[in-house]
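Chain letters run A, B, ... following the sequence lines, proteins first, then strands; residues in each count from 1. Values below: every heavy atom of this structure, side chains too, minus hydrogens, waters and symmetry copies.
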2 protein chains.
Amino acid sequence: MKNSKVTKTKKEHINTGNAKITTDIVIFTIEDGELKILLVKRKYEPFKGRWALPGGFIKEVETLEETARRELSEETGVSGVYLEQLYTFGEPKRDPRGRVVTAAYFALAPKHLMSLSASSGAEDAKLFSVKKHPELAFDHEKIMQKALHRLQNKIQYTNLSWSLLPNAFTLSEIQAVYELIWDKKVDKRNFRKKMLTLGLLKPLSKERTGLRQRPAKLYAFKTKTYVELRRFF
Amino acid sequence: MKNSKVTKTKKEHINTGNAKITTDIVIFTIEDGELKILLVKRKYEPFKGRWALPGGFIKEVETLEETARRELSEETGVSGVYLEQLYTFGEPKRDPRGRVVTAAYFALAPKHLMSLSASSGAEDAKLFSVKKHPELAFDHEKIMQKALHRLQNKIQYTNLSWSLLPNAFTLSEIQAVYELIWDKKVDKRNFRKKMLTLGLLKPLSKERTGLRQRPAKLYAFKTKTYVELRRFF
DNA sequence: GCAAAAGTGTTTAACATACACCCATGG
DNA sequence: CCATGGGTGTATGTTAAACACTTTTGC
């Protein structure tokens, strides 16, 4: 009775589902008044010589996030940054070598954590402006655009901007972070009101001096861990 | 000069990154005044006999989304539903058979698309209340909880409730969708005001009659495609 | 004194929240 | 006539948006 209707049996085959898994990391930072991403020049085929997102194959016993952190560290020398999973890309033809599925990660780092020169695999890692960068290998342009949208959305309802700023910063500096990410100006008075009433910041007793202008008060984030807000900008 | 400092060369090895890829689908619907998910009883080891999310291994030439739709159709007979990628789970020990990475998908369907009895592989597919369901195989409980949070968040700023409702529905019925998903009551007058001013619905010239109560006006969604709103509930 | 960015309030409109009673129908 | 859910409005508080001038410093 129960097994009378087995017209189209489905089986789990041993030799199906095989693929190679990579992670690729889109890591943003802010440098020289521009939103930038970190790219590496490929040393091997395919796309040898082209710029690509840092990333690589998973190892037997690491989680996807561990792979992402390891590859980021090995290829660019960057570590200790904010990292979250972005999206998984698995189109059959996205890699000419065969079926390669990539779990893309999204990362943010303040510029001072991006000291590229000193690190091992970093000879060919470089920051590029998001608005003007070389053509990327594979489907990395698509991945990068998705990461950018994630960033633009997420700073609306989280405190994530801490991960792009140094410990102490002025209100103008944090405003600039938002403006660069959204690629538009925001109103200074409304921005400050909002930012201060959100209660994420604590004022420091120092000021930024030495510029030929009025000194600016310095602030720091109360917590440098991920916080979601009820509503935001 | 450039290659003088190759202390720790990184290579892309041929035999690394291997894994099997599956997709698993968390599909929600509303039935008998409850938010439910569709589960299938496993026919094979591991976890033979346990309830699990529908899903399975990717084929050579399909995208991840195609895998999800195919598995959903084969295992439960359900097709033509709203589907989006949820998250990718790749812990090394999540599957006792070896390294299996799953790209989890999130799906929504109105109850009338969940006619399970008529379909091929559906003898062991069944709807369970989200609040009370059997213990799940693998890490599927974690996946389900993540999907539930996605659902609870996403109906705040999208028109996604169309995908849980029939073509025509009353305002009380759509309110019930929100209340079931959020597991809390909302104010009737405020809900209706909000829903109608959002402009997503068009009134139909019919009413729901035959119940021993005042007939309720019927509405339909203007568009049954994904729309993101600026803000919502 | 001047260039440059810091700092500061008010007004208006939109939206969120709280809340209670009458209406139309089928039985 | 009664049980059931359908249907409606107002008042208050909160948040968003628009908008321009004075202050402090280094040179």
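Between B/Glu207 and B/Lys217, none of the side-chain N atoms (NZ, or NE/NH1/NH2) sits under 4.0 Å from a carboxylate O, so this pair counts as no salt bridge.
Of the residues in residues 164-173 of chain B, not one places a heavy atom less than 4.0 Å from an atom of DNA chain C.
Computed from coordinates, the B/Arg192 CZ to C/dC15 C1' distance equals 20 Å when rounded to whole Å. Counting to the nearest Å, the C1' atom of C/dG9 and the CG atom of A/Leu196 are 14 Å from each other. Between the C1' atom of D/dT15 and the CG atom of A/Asp187 lies a distance of 15 Å, rounded to the nearest Å. Rounded to a whole Å, the NZ atom of A/Lys206 is 19 Å from the P atom of C/dA6. The nearest whole Å value for the distance from the CZ atom in B/Arg208 to the C1' atom in D/dT4 is 16 Å. The NZ atom of A/Lys217 sits 15 Å away from the P atom of D/dT23 (whole-angstrom rounding). Atom CD in B/Gln175 sits roughly 11 Å away from atom C1' in D/dG6 (whole-Å rounding). Straight-line distance from the CZ atom of B/Phe191 to the P atom of D/dG6: 12 Å, rounded to whole Å.
Residues passing the salt bridge (Lys or Arg N to Asp or Glu O under 4.0 Å) test with A/Arg208 are A/Glu173, sequence neighbours excluded. Every side chain to side chain donor-acceptor pair (under 3.5 Å) that B/Glu84 has, sequence neighbours left out, goes to B/Tyr82, B/Arg150, B/Lys154.
In this structure, A/Phe106 has its ring center at least 6.0 angstrom away from the ring center of A/Tyr87.
Base engagement by B/Lys188 is indicated by at least one non-hydrogen atom pair under 4.0 Å involving a base atom.
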Distances under 3.5 Å between nitrogen or oxygen atoms of protein and nucleotides 25-27 of chain D:
unit_1: D/dT25; atom_1: O2; unit_2: A/Gln213; atom_2: N; d: 3.2

Would you list the protein and nucleotides 10-13 of chain D atom pairs, both N or O, that sit under 3.5 Å from each other?
unit_1: D/dT10; atom_1: O4; unit_2: B/Lys193; atom_2: NZ; d: 3.0

Enumerate donor-acceptor pairs with a distance under 3.5 Å from any side-chain N or O in residues 195-206 of chain B to protein atoms, sequence neighbours excluded.
unit_1: B/Thr197; atom_1: OG1; unit_2: B/Lys193; atom_2: O; d: 3.0
unit_1: B/Thr197; atom_1: OG1; unit_2: B/Lys194; atom_2: O; d: 3.1

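Contact check, B/Arg189 against C/dC19: no side-chain N or O comes under 4.0 Å of OP1 or OP2.
Heavy atoms from other residues, nucleotides or ligands lying under 6.0 Å from CG of A/Asn190 number more than 12.
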### Message
Under the criterion salt bridge (charged side-chain N to carboxylate O under 4.0 Å, His left out), I'd like the reasoning laid out for A/Asp124 against A/Arg42: C-alpha separation, chi angles, the key distance, then a yes or no.
### Response
CA-CA 8 Å; A/Asp124 290 311; A/Arg42 283 187 60 79; over 6 Å; no
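Just one of B/Glu71, B/Glu66, B/Glu65 meets the salt bridge (charged side-chain N to carboxylate O under 4.0 Å, His left out) condition when paired with B/Arg69; it is B/Glu65.
Using modelled atom types, no side-chain atom of A/His133 and backbone atom of A/Phe128 make a donor-acceptor pair closer than 3.5 Å. A side-chain donor-acceptor contact under 3.5 Å links A/Gln175 to the backbone of A/Val186.
A donor-acceptor contact closer than 3.5 angstrom is absent between the side chains of B/Thr67 and B/Thr23.
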